[in-house]
Amino acid sequence: MIPLNIIREKTDWVIERLAVKNFKAADTIHAICELDDKRKETQKSMDGKLAEANALAREIGILYKSGKAAEADQMKQQSATLKEEARVMSEQLATLQNELNALHVTLPNLPHESVPIGKSAEDNQIVKEEGGIPELPENAIPHWDLATKYDIISWELGSKVTGAGFPFYKGQGAKLQRALINFFLEEGISAGYGEIQPPLLINEDSGFGTGQLPDKEGQMYHCTVDNLYLIPTAEVPITNIYRDVILRAQDLPIKNIAYSNCFRREAGSYGKDVRGLNRLHQFDKVEIVQIANPEKSYEILEQMVEHVSNLLRKLELPFRILRLCGGDMSFTSALTFDFEVWSAAQKRWLEVSSVSNFESFQANRMKLRFKDENGKTQLAHTLNGSAMALPRIVAALLENNQTDEGIRIPAALQKYTGYSMIVQNR
RNA sequence: GGAGAGAUGGCAGAGUGGUCGAUUGCGGCGGUCUUGAAAACCGUUGACCUGAAAGGGUCCGGGGGUUCGAAUCCCUCUCUCUCCGCCA
């Protein structure tokens, strides 16, 4: 959530900035300000009543002790009145607070000043493009056919046992998955990230903390019996470690990396977008998360972008980096860079990573703070990025590296796969 | 799943109805001493709301109740520990 004091102090500016995300905020913002005024007023008068009641209770105590019970009994009536008044006000206060919150949570994060204006993915800004686009022979085929040809992924078994979007990985395919996971983790650990294995189910508070709830409830698998959600990304459990925590300035930045399965319902997608590995309900991802001092967060965002770039270079995949426009950014992000790899047989770019700075938006929701150099507690910044999501990397590796002899594995990956080529009939 | 015990400030640990937001120890921070450090000694040290400030209010796992007054009593939920059962 955008901190309330910013909404109060820079009201017009907030409305202006949210317009970049194509969000018309004026009515909501003004309603919030009004409710906040009422809230303060009510709180003040309630505090006054409570202060009187407290003073009275103290007096009554003293009177009883000194044996003046009759006098004390008289004062009880007065106290009851005060208490009733305070109770009414506290109910009003709760109502106001609820109304205010309900509006507050509907506001998306403020976009960073560098975010381009735009409505959709077409308005994203290409920051950089790297690596040559490979020329494939005439008989090149897309990854879903390659996967079947080499018997490394079974779509049919997935549909049979679970449903579409839940493939089985087999043999060299399963080993490739494991190799990529290890590769990404080891690269991250070398870059100073601490490895964590999180739970795959999270509770409601955690879903709220990182912003999946209440906004994107339908995107997550929900175990209603226990009211737990399957994680859509390791970002959720890893960031929520620091929910309701006050860190010390010297603890920052905190750098964590986690491999996890990710589960997404992806309601409403169809067609070529979901073919093969392009979009799955369950997939593997290695995620990097940082908790940062606000002064350093954009520097850190750059470092994370560089980290992901290096992974793609080592995998010898052509990629481009996009600066997302206001209309294509997520609800929670202040600035996002997307990474796309070229999938040579499909002849299209596939998103494989998204690196974002959330500034204090998540931190405010989950009360993640730190004590700065002056001993003041303030909200930290949170950042995260995929480093990386496996399926589309696999798609690009398969398609781009297909040869008549088999599928070539990039050198950097071979020590993890234990083989240099995916071949038939193993 | 069954039985019992417990949840207090960064940690440890007092406090069982009345100036308790909370004794004390450790840790942290500042200082004295020292060439420097350690030790010792002195001081300081929770969060949130409101307020220019002084001040006021709220918070002793969460929620509700009893009472003039609750960390302290009652109800309820969650979590932790011990024992039993089950189990990768």
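Residue numbering restarts at 1 for every chain, and letters A, B, ... go by the order of the sequence lines.
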>> If the threshold is 4.0 Å, N to carboxylate O, is there a salt bridge linking Arg248(A) and Asp251(A)?
In response: yes
> Does the distance from a Lys or Arg side-chain N to an Asp or Glu carboxylate O, for Arg8(A) and Asp37(A), drop under 4.0 Å?
Replying inline: yes
> Per the side-chain contact (heavy atoms from CB on, under 4.5 Å) rule, which among Leu185(A), Leu311(A), Leu315(A) passes with Leu180(A)?
Replying inline: Leu315(A)
> Atom CD of Gln250(A) and atom P of G10(B): how far apart are they, to the nearest Å?
Replying inline: 15 Å
> How long is the line joining NZ of Lys49(A) and P of C68(B), in whole Å?
Replying inline: 19 Å
>> Work out how far the C1' atom of U45(B) is from that of G2(B), and round it to whole angstrom.
In response: 46 Å
> Given that both distances must come in under 3.5 Å, which nucleotide forms a Watson-Crick or G-U wobble pair with G4(B)?
Replying inline: C81(B)
>> Tell me the interatomic distance from Leu228(A), atom CG, to U78(B), atom P, rounded to whole angstroms.
In response: 13 Å
>> Please give the distance between the C1' atoms of G18(B) and U72(B) as a whole number of Å.
In response: 11 Å
> Which letter, B, S or -, goes with each nucleotide of nucleotides 45-67 of chain B from 5' to 3', with contact meaning a protein heavy atom under 4.0 Å?
Replying inline: -SSSSSS----BSS--------B
>> Only pairs with both distances under 3.5 Å count, Watson-Crick or wobble alike; so what is the partner of C73(B) in this structure?
In response: G65(B)
>> Checking base pairs now: Watson-Crick or wobble, both atom distances under 3.5 Å. What partners G30(B)?
In response: C42(B)
>> I'd like the C1' distance from A7(B) over to G15(B), given in whole Å.
In response: 15 Å
>> Could you tell me how far G25(B) sits from A40(B) if I compare only their P atoms? Round to whole Å.
In response: 13 Å
> Can you check the Asp251(A) CG to G10(B) P distance for me, whole Å?
Replying inline: 14 Å
Using atom types as modelled, flag every donor-acceptor pair under 3.5 Å from a side chain in residues 195-203 of chain A to any protein atom, sequence neighbours excluded.
from: Asn203(A); atom 1: OD1; to: Asp205(A); atom 2: N; distance (Å): 3.3
from: Asn203(A); atom 1: OD1; to: Ser206(A); atom 2: N; distance (Å): 3.0
from: Asn203(A); atom 1: OD1; to: Ser206(A); atom 2: OG; distance (Å): 3.1

> Do the charged groups of Glu84(A) and Arg87(A) touch, with an N to O distance under 4.0 Å?
Replying inline: yes
>> Tell me which nucleotide, if any, is Watson-Crick or G-U wobble paired with C86(B) when both distances must be under 3.5 Å.
In response: none
> Could you walk me through whether His112(A) and Tyr298(A) pass the ring-ring contact (aromatic ring centres under 6.0 Å, His included) check?
Replying inline: CA-CA 10 Å; His112(A) 185 254; Tyr298(A) 279 96; 4.2 Å; yes
> Of all residues at least two apart in sequence or in a different chain, which pass the ring-ring contact (aromatic ring centres under 6.0 Å, His included) check with Phe361(A)?
Replying inline: Phe331(A)
>> I'd like the C1' distance from G63(B) over to C68(B), given in whole Å.
In response: 24 Å
> Between atom CG in Leu82(A) and atom P in G69(B), what is the gap in whole Å?
Replying inline: 11 Å
> So which nucleotide does A22(B) pair with, by the Watson-Crick or G-U wobble rule with both distances under 3.5 Å?
Replying inline: none
> Mind checking the P distance from U35(B) to G28(B)? Whole angstroms is fine.
Replying inline: 24 Å
>> What's the gap between U16(B) and A52(B) when it is taken at their P atoms, as a whole Å value?
In response: 41 Å
> Do Ser343(A) and Glu399(A) have side-chain atoms, one donor and one acceptor, less than 3.5 Å apart?
Replying inline: yes
> With rounding to whole Å, what would you report as the distance between U24(B) and U78(B) at their C1' atoms?
Replying inline: 31 Å
> So which nucleotide does A53(B) pair with, by the Watson-Crick or G-U wobble rule with both distances under 3.5 Å?
Replying inline: none
